[in-house]
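Following: one structure in structure tokens, then a few remarks.
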Amino acid sequence: MNISVVILAAGQGTRMRSSLPKVLHPLAGQPMLAHAIATSEALAPENICIVCGHGADQVKAAFPDKNLQWVLQDPQIGTGDAVKQALPHLPQDNVAIIIFGDVPLVKPSTISSLVSSGVDGPAVLTVIEENPSGYGRIIRDSSGAVVAIVEDKDATEAERTINEVNTGLLACPVKMLGPWLNALQSENAQGEYYLTDIVAIAVNEGIKVAAVTANSASEVMGINDKQQLAHAERLYQARIAEHLMAEGVTLFDPARIDVRGQLHCGKDVSIDINAVFIDDVTLGDNVSIGPNCVISNSVIGSGSSIKANSVLEAAVVGASCEIGPFARLRAESDVRDHARVGNFVEIKKTVLGEGSKANHLTYLGDAEIGSNVNVGCGTITCNYDGAQKHKTVIGDNAFIGSGVELVAPVTVEEGATIGAGSTISKDAPEGKLTLERAQQKTISGWIRPTKNK
Ligand code: UD1
Ligand code: MG
């Protein structure tokens, strides 16, 4: 049996009070809609059809590489009308599964069980809500069969006391949907074509409507405002933390880690509080991450330690390295095994060779640094002449004294020593001491200025 997914995402999301379309608001660093798409893909459907409307161009542009069918709903006159717009894209023999772009936490397994119940007729996903206000209520007859869904705004006092609500997710054979969608009326409190009305229509035709009840209200929560968005973010992060701990990762506080992408961990990884991982990050065995680190798109080799308050973006760190505290590795930093990068050191587009050290207050940009090099405190590669970037090359076993400026393009050959305080603009030969320093003078009779009264 083939599945067609329809994701409803045309609504404005007025309650977000934002100019960004609701489904583009990020959850765990990804647009809300990306989560619904990923969940849909996990079902291996024949096609995924997204109904957009409000901010349609912006929404489409956010997913340039995906194999998706976009359908425009304009004006947005209800969830029933939205599905009707998608209908021409749904093969007649498929089962359609309708999900909402603003319900990002629902698991593929929950949707799968709904699909299994929706093979011969409609199936709705319901949930028990402690506070059901705002939701459509599930009306059952005395035998317990679902007979209708009544929207909150159309419900009677008695119906409003019902705790079983509609999550909005619905599965149904495509064949059945067409005539029911055509039969929808908009004579209701909101003047909209409600998808939920197909339940009563089906029952009137003698067709049974199945109900699957989700076991957690938080899994199927809809996001309508910033408070719900923040709540969903915490739920999502808690789910990731749980997963990491199940894989053996030590989290100092599972409530204080944020993963906005994919985090892959080896064995015996430990992560201190307030670490943020963005996009794709891989941590090898025995890696430790100190508090307040922000790491994006990076690979960290086994046994390395990233100390407090370090920021890494698109960096590769080898094995047994020590980075930080307060280090910043920018794009194309390639720090090789056993190297050390200390506090207030910034590295960009630079190879720092095996066993080399830059321990304090240094900028290394566009540099190729060999192994066992010591870069003294306060060293700067002057890589930019105002127009072009130039390269600094430092050979193995070189020693760069403190406070050195290396004016690129420049080479410090293997084993060379550069005296502290030098501004090096010509290549420094192998194995020798090179320094550039004005002669030290002492001025006798000089008097310190004093303040005017
Ligand atoms: C809907 C359900 C309600 C359910 C609740 C669960 C209907 C009529 N009601 O109500 O039973 O309890 O969700 O959260 O289905 N959309 C469109 N086009 C439209 C209108 C909406 O694409 O013309 C999309 C929205 O972008 C959103 C989804 O459909 O992703 C739900 O719309 P929303 O207006 O939030 O419906 P609710 O009033 O929450
Ligand atoms: Mg809603």
Side-chain angles (χ1 to χ4, degrees), residues 5-16 20-25 27 31-33 35-37 39-40 49-56 58-60 70-87 97-106 122 124-129 131-139 146 148-155 159-160 162-170 172 177 180-181 184-201 209 211 213-214 217-225 228-229 232:
V5 180
V6 180
I7 305 178
L8 302 191
Q12 182 176 1
T14 320
R15 283 166 286 178
M16 295 300 269
L20 190 69
K22 172 158 84 173
V23 290
L24 293 186
H25 280 266
L27 180 85
M32 228 188 272
L33 183 55
H35 295 276
I37 293 171
T39 306
S40 304
C49 196
I50 303 187
V51 182
C52 55
H54 184 81
Q58 210 180 339
V59 173
K60 273 191 236 178
W70 295 95
V71 177
L72 188 67
Q73 185 203 18
D74 190 19
Q76 293 98 48
I77 47 174
T79 49
D81 177 73
V83 177
K84 197 170 159 183
Q85 306 308 314
L87 207 55
I97 167 77
I98 293 136
I99 69 177
F100 288 174
D102 63 354
V103 180
L105 300 179
V106 63
V124 293
L125 184 68
T126 76
V127 75
I128 306 300
E129 272 285 350
N131 173 15
S133 106
Y135 289 101
R137 307 298 203 284
I138 304 295
I139 312 294
V146 173
I149 297 177
V150 178
E151 288 306 298
D152 187 68
K153 291 191 173 119
D154 300 287
E159 286 166 339
R160 285 208 175 105
I162 297 171
N163 280 90
E164 189 183 9
V165 304
N166 176 30
T167 64
L169 278 73
L170 179 143
C172 186
L177 270 178
W180 293 341
L181 291 173
L184 292 177
Q185 302 287 320
S186 61
E187 279 83 51
N188 51 51
Q190 301 183 80
E192 286 187 358
Y193 295 90
Y194 294 159
L195 177 63
T196 43
D197 282 350
I198 70 167
V199 170
I201 297 173
V209 175
T213 305
S218 57
E219 183 194 343
V220 292
M221 75 177 284
I223 294 174
N224 297 309
D225 58 32
Q228 287 167 331
L229 180 63

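Each ligand, and each atom within it, is numbered from 1 in the order the structure gives.
For ligand 1, the atoms closer than 4.0 angstrom to any heavy atom of A9 are 22 (O), 26 (O). Using a 4.0 Å cut-off to heavy atoms of G136, the atoms of ligand 1 that qualify are 3 (C), 4 (C), 11 (O), 12 (O). Close contacts between ligand 1 and T196 involve ligand atoms 7 (C), 8 (C), 11 (O), 15 (O) [criterion: under 4.0 Å to a heavy atom]. Less than 4.0 angstrom separates some heavy atom of I77 from each of these atoms of ligand 1: 23 (O). In summary, the atoms of ligand 1 found under 4.0 Å from a heavy atom of L8, numbered by their order in the structure, are 22 (O), 24 (C), 29 (O), 30 (O). Against a heavy-atom cut-off of under 4.0 Å, E151 is close to the following atoms of ligand 1: 2 (C), 3 (C), 7 (C), 8 (C), 9 (N), 10 (O), 11 (O).
Side-chain contact between D74 and Q85 is absent, with no heavy atoms from C-beta onward closer than 4.5 Å. Under the 4.5 Å side-chain criterion, counting only non-hydrogen atoms from C-beta, L87 is in contact with L181.
Contact analysis puts A82 in contact with ligand 1, with a non-hydrogen atom separation below 4.0 angstrom. Residue contact annotation: D81 has no non-hydrogen atom under 4.0 Å from ligand 1.
Between the side chains of D197 and Q185, no donor N or O sits under 3.5 Å from an acceptor N or O.
The backbone and the side chain of A10 each have at least one atom closer than 4.0 Å to an atom of ligand 1 (non-hydrogen atoms only). For E192, no heavy-atom contact with ligand 1 is shorter than 4.0 Å. Contacts between V165 and ligand 1 below 4.0 angstrom, taking non-hydrogen atoms only, are absent altogether.
When atom types are taken as modelled, the side chain of K22 and the backbone of I223 share a donor-acceptor pair closer than 3.5 angstrom. In this structure, the side chain of D152 does not engage the main chain of G136 through any donor-acceptor pair within 3.5 Å. Side-chain N or O atoms of N188 include one that pairs as donor or acceptor with a backbone N or O of E192 at under 3.5 Å. Under the 3.5 Å distance criterion, the side-chain polar atoms of R15 are left unmatched by any main-chain donor or acceptor of D225. For the pair H25 (side chain) and L229 (backbone), a donor-acceptor distance under 3.5 Å is absent. In this structure a side-chain-to-backbone donor-acceptor pair under 3.5 Å is missing from T126 to E164.
Ligand 1 has a nitrogen or oxygen under 3.5 angstrom from a nitrogen or oxygen of G11. Annotation: G168 places no N or O atom under 3.5 Å from an N or O atom of ligand 1; distance criterion only.
Comparing I50, N166, N188, V83 against atom 4 (C) of ligand 1, the shortest heavy-atom distance belongs to N166. For atom 19 (C) of ligand 1, the nearest non-hydrogen atom from the set Q85, Q73, H54 belongs to Q73. Between atom 32 (O) of ligand 1 and the options V71, T79, V124, the minimum heavy-atom separation is to T79.
Checked against I7 for a side chain to side chain contact (heavy atoms under 4.5 Å, CB included), the options V51, I37, V23 give a single hit: I37.
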